[in-house]
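Numbering starts at 1 and runs along the sequence shown.
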Amino acid sequence: MIDYEWFIFLSPIIAFPISFTVGRYRRNLAGYIATISILISFILSFIVYLQIRGTSSPVYQSFNWFGDINAGIYIDHLALVMILMVSFVSLMIHLFALYYMGKDPNKHVYFAETALFTGGMLGLSVSSNLVEFFLFWELVGVCSYLLIGFWYFKPNASSAAKKAFIVTRVGDLLFLIGLSILYVSLADKVASPLSIAYIVNPSSWPQILNYVGTTNLTLIGLLFMGGAAGKSAQFPLHVWIPDAMEGPTTVSALIHAATMVTAGVYLVARVYPIYLHSTAALDFVLFIGAFTALFAGTIGMVVNDLKRILAYSTISQLGYMFAALGIGSIIGDSAISFALFHTMVHAVFKALLFLAAGAILLTMMELRDVKKMGGLWKRMPITMTLMFIGAITLSALPFTASYYSKDTIIDASWNFFSANGYSLFSFLPWLMLILGALTTTIYTFRFFFLAALGKPRSELASKAKDPSKIVLIPLIILAIIALIMGQFQYLFYDFIYAQTIHVSIPYIVSLAPSMMVLLGLLITIPLYATSGWMSLDLKKSRLYRVVKNKYYLDKLFTNDIAERGIIPLSSGFSTFETYFSRSIEAIGSGTLRLGSFFRRLQNGIIEYYFVVLVIGISIILLIVELLGGF
């Protein structure tokens, strides 16, 4: 019997064919069907919250799928906060999308795909087995391909969809190899080797350490992080996300806030005991996350495309989440609390920012260059005020939600520094994260000041206006949560892990993130709150050109690795395969001809057989004679 918890992810998956089929005849109904299905998921998730909030016992239902692989649902406190976040934020985005996609002729396809996308992410979050987890992981990837390329008639959109699909396949392959190593190590030794309930159970770990070994655990942790880096756009597999902005803005909101990019963070958090038993894997996660936070932030400072600025912001903020998880060698399971709280906060303010951007781009006919905006706060006062709330939360201004979530991660990285004897190696994560806070403030207020202040710098900007107030209700709800969510910081921490530590560092060090925010404001206000940026010419700077070209990574991957490496290699394999196939066909054809020849010998005429026999004996005798006789 399937209990109601299964419909947390089945509801939007069932809505997928219904939205598509009904929408072919009644376009407007498709969006409502998808939205209602996600509302059902949120309500059911909240019911589960009421059921398990006071207990440590998860909702666990499992059945044998095939061999020693089980499938089912596993909802503990970690999975619960994910499904609450995914369903709620997706619901807000779908409500706004009813307006944003209202005039699109294929909106029934859009809403069917977004329902499936959300269902895939919810299924991933509640999976009880890593094989099941991987299948939903792939479903999320396929849906992202379909949605990024939704406007497939635009060459950039179809190219971006293929790029996202190919780059994330690299990470998926690494994840799959890690799964294979874990399975082979545990197969025939435990009842269900890839069961999440088994992996997260502390009593299982003496067995796992004995069967898998620390070396293999480290390798598995590194491979899983490779998979997470692909889905969650961490260096160097981050290159797909900026191009993914070619899809509808509500798709960007869904990918960046509620679904795909959080999957990698959740993967590492879900199998965190593996990392707790491998310091090397944890350090790898920490340094990749911290480096990505700074790396993406520097690119965000020079991009002019509004959606791409938000995309690099997502990459950077995901870096903070991974950095939090990487500090687990010092703070243990508290790292999950820190990472997941920032994940929740980021989902709220990033959905707010993207939806506000969607309202702007819709009234400006998809003009995305912030240097061609200006004066929008006067023309779109409600939308820009909501975007301002998202901007100050992203920048972690004091008392916004991110001030509590992100600054705690930075403070914890100082604990990593002090716990490792104040070595240079252990200082680097804190340094990169604190500089990342500076770049965050600069790119955030750069795009906001350019879009909101001054005079309109294009005809479209001069005619911009707010959408109707009812359309902005989801944004208002998200804005309120972004402002007050930080007050529930420790309640959240204790819900995830009851023994979550309270980070304590020197007071002067704890002020550093706020000082970076202040410094960022001191840089951006004179330049971008006025017309000072117009006289700023950075094109002659070599450093600027390097950053503007995204450190030439796209060129490296496309021109060198793909065009000069993979394509010739693929061509070589193709040529070899062609000749090999032809040789096999030639052998087959020769065999057929030989068979045809011998078939003609079998004609049923005894005299013919006698002649062949005599000729054969004569040939044998001749050979014997030539060889010198018997």
**Message:** For a 4.5 angstrom cut-off between non-hydrogen side-chain atoms, does Phe9 reach Ser125?
**Reply:** no

**Prompt:** Do Tyr74 and Val126 touch side chain to side chain, with heavy atoms closer than 4.5 Å?
**Reply:** no

**Message:** Between Glu138 and Arg169, does any NZ, NE, NH1 or NH2 come within less than 4.0 Å of an OD or OE carboxylate oxygen?
**Reply:** yes

Taking [X] for the side chain and [Y] for the main chain, is one N or O donor matched with an acceptor at less than 3.5 Å?
| X | Y | answer |
| --- | --- | --- |
| Ser11 | Ser37 | yes |
| Thr400 | Ala396 | no |
| Ser45 | Ser41 | yes |
| Arg457 | Leu450 | yes |
| Thr298 | Phe295 | yes |
| Ser128 | Gly72 | yes |
| Lys371 | Asn304 | no |
| Ser395 | Ala391 | yes |
| Thr168 | Phe165 | yes |
| Arg368 | Leu361 | no |

Would you find more than 12 non-hydrogen atoms of other residues, nucleotides or ligands less than 6.0 Å from [X] atom [atom1]?
| X | atom1 | result |
| --- | --- | --- |
| Ile470 | CD1 | no |
| Tyr152 | OH | no |
| Arg545 | CZ | yes |
| Tyr551 | OH | yes |

**Evaluation steps, side-chain contact (heavy atoms from CB on, under 4.5 Å), between Lys548 and Leu538** = CA-CA 10 Å; Lys548 186 70 174 177; Leu538 297 174; over 6 Å; no

**Set of residues satisfying ring pair (Phe, Tyr, Trp, His ring centres under 6.0 Å) with respect to Phe322, sequence neighbours excluded** = none

**Request:** Take Phe224 and Val268, measure what side-chain contact (heavy atoms from CB on, under 4.5 Å) needs, and give me the verdict at the end.
**Result:** CA-CA 7 Å; Phe224 279 12; Val268 176; 5.8 Å; no

**Value rounded to 0.5 Å, distance of CD1 in Ile309 from NZ in Lys307** = 12.5 Å

**Item:** Stepwise side-chain contact (heavy atoms from CB on, under 4.5 Å) check, Tyr528 with Leu536
**Value:** CA-CA 10 Å; Tyr528 299 107; Leu536 190 65; 4.0 Å; yes

**Request:** For a ring-ring contact (aromatic ring centres under 6.0 Å, His included) with Phe388, tell me which candidate from Phe349, Phe448, Phe447 qualifies.
**Result:** Phe448

Parallel, tilted or perpendicular for [X] and [Y], by the 30°/60° rule?
| X | Y | answer |
| --- | --- | --- |
| Phe175 | Phe133 | perpendicular |
| Phe354 | His256 | tilted |
| Phe88 | Phe42 | tilted |

**Asked** Between the side chains of Asn28 and Lys107, is a donor N or O closer than 3.5 angstrom to an acceptor N or O?
**Response** yes

**Request:** For Glu132 and Trp65, test the side chains for any donor-to-acceptor distance below 3.5 angstrom and give the result as yes or no.
**Result:** no

**Message:** For Phe492 and Phe488: C-alpha separation, side-chain torsions, deciding distance, then whether ring-ring contact (aromatic ring centres under 6.0 Å, His included) applies.
**Reply:** CA-CA 6 Å; Phe492 181 92; Phe488 303 95; over 10 Å; no

**Complete:** Between Ser144 and Gly141, the two heavy atoms sitting closest are OG-O, 2.6 Å

**Request:** Starting from the C-alpha separation in whole Å, work towards a yes-or-no answer on side-chain contact (heavy atoms from CB on, under 4.5 Å) for Leu98 and Phe111.
**Result:** CA-CA 9 Å; Leu98 293 171; Phe111 281 109; 3.9 Å; yes

**Request:** Can you run down the side-chain hydrogen bond (donor to acceptor under 3.5 Å, both in side chains) pairs that involve residues 465-483, sequence neighbours left out, and say none if there aren't any?
**Result:** Thr383-Asp466

